Amino acid sequence: MTFKDRVFSGIQPSGDLHLGNYLGAIKRFVPLQESHDCIYCVVDMHAITVFQDPKKLHKSTLEVAAAYLAAGIDPKKSIIFNQSQVAEHAELAWVFNCVARMGWMSRMTQFKDKAGKNAEKASLGLFAYPALMAADILLYKATHVPVGDDQKQHLELTRDIAAKFNNDFGVEFFPITEPLIAGEAARIMSLRDGGKKMSSSDPSELSRISLTDDADKIAKKIKKAKSDPEPLPSEIAGLEGRAEAKNLVGIFAALSGRSKSDILSEFGGQGFGVFKPALAELAVAKLAPMNKEMARYLDDPKQIEDILRDGAERASVIAKETMKEVRDIIGFVK
Ligand code: AQP
């Protein structure tokens, strides 16, 4: 069976949107609109797997939607909506809770990282998160999912769930989704520790550049970013064992749309005293227009809420159709 090419991706409204979210996900969502039907979701039900202050959740949901719009996602062409407005996400997630195996879920490294030593106190939702993510994607029979490298394991689980559902019921109903993970920005690392990914839950604000940071903050964070005393190499091989240098060069490459080797041929032999100001200037130039656009959208929350409601209505049409067929396949009486 062939499936219509369709892209789905989402971002949690769980705090500061950062450069990793932008380069690893949002920026890549935009050009896909030219070649695919795209559905971009603000995954608020994922966010509540850890407690969220209701006022902050509301504000962050509008911020993620504003970031989508400011980056250039066209709400007429693509669907932009928040997950909780389409109840079928939760319904299909339950079905997938019954398809996925405990052993598969127990191997998810993100749960282990986020729950840490306190797994007993983590919510059941945090454990089941990847089944909800599979439901988000497969509800729309999405064939392609642009995400950062940290989501690779969850995408593999989505493929396993689709294959097991198809196999258990003897159907070819769900596609085996392809992850779209590539490029210099697949994993942006913390500015304070090149061994950790840039993340909104890092307690140090200096570890990440937020999409709402002004020019001064961006410049300060890049100036304080961890580096090393050596000059930059002229070849990529010279970045081995230099996690922080590799990360900063990767950020430069992703922001400028150039390759790492191109950046090194320009900056090879120069120290961070030269490279960091150039990176700060580039980051400010690339992020300032987006920052301004986000603020403009956020000045009119009603407009964003209308866009999300309209998107949810359009998403619901597809979601309802899928769930109707899923209920038939499973044998639920209607
Ligand atoms: N550091 C990163 N580099 C590249 N891509 C990244 N993404 C996140 N961090 C990086 C990508 O952004 C999209 C949305 O991610 P999410 O909403 O699932 O949030 P997350 O991955 O949980 O992001 P955080 O900031 O790291 O949150 P916490 O701290 O809660 O874990 C995804 O496509 C993701 O790959």
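Whatever order the structure lists ligands and atoms in, that order sets their numbers, starting from 1. FYI, side chains are in, hydrogens and waters are out, and symmetry mates aren't considered; it's all heavy atoms of this structure. The first residue of the sequence shown is numbered 1, and numbering continues consecutively from there. Computed from a prediction, not measured in an experiment: that's the story for all the values here.
Atoms CG and CZ, on L191 and R208 in that order, are 10.0 Å from each other to the nearest 0.5 Å.
Listed by first and then second residue, the ring pair (Phe, Tyr, Trp, His ring centres under 6.0 Å) pairs involving residues 52-79 are F29-Y68 (not counting sequence neighbours). Applying the ring pair (Phe, Tyr, Trp, His ring centres under 6.0 Å) definition to pairs two or more places apart or across chains, those involving residues 158-181 are F96-F174, F165-F169, F165-F174.
With respect to K197, the side-chain hydrogen bond (donor to acceptor under 3.5 Å, both in side chains) criterion is satisfied by exactly one of D113, D149, D150: D150.
Contact residues of ligand 1 (protein heavy atom closer than 4.0 angstrom to a ligand atom; sorted by chain and number): G10, I11, Q12, H18, G20, N21, G24, A25, K114, Y129, V147, G148, D150, Q151, A185, A186, R187, I188, K197, M198, S199, S200, S201.
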Side-chain donor-acceptor pairs of residues 125-133 under 3.5 Å, sequence neighbours excluded:
residue, atom, partner, partner atom, Å
Y129, OH, Q12, NE2, 3.2

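Residues L211 and L279 share a single hydrophobic cluster, defined by chaining ILVMFWY side chains whose heavy atoms lie under 4.5 Å apart.
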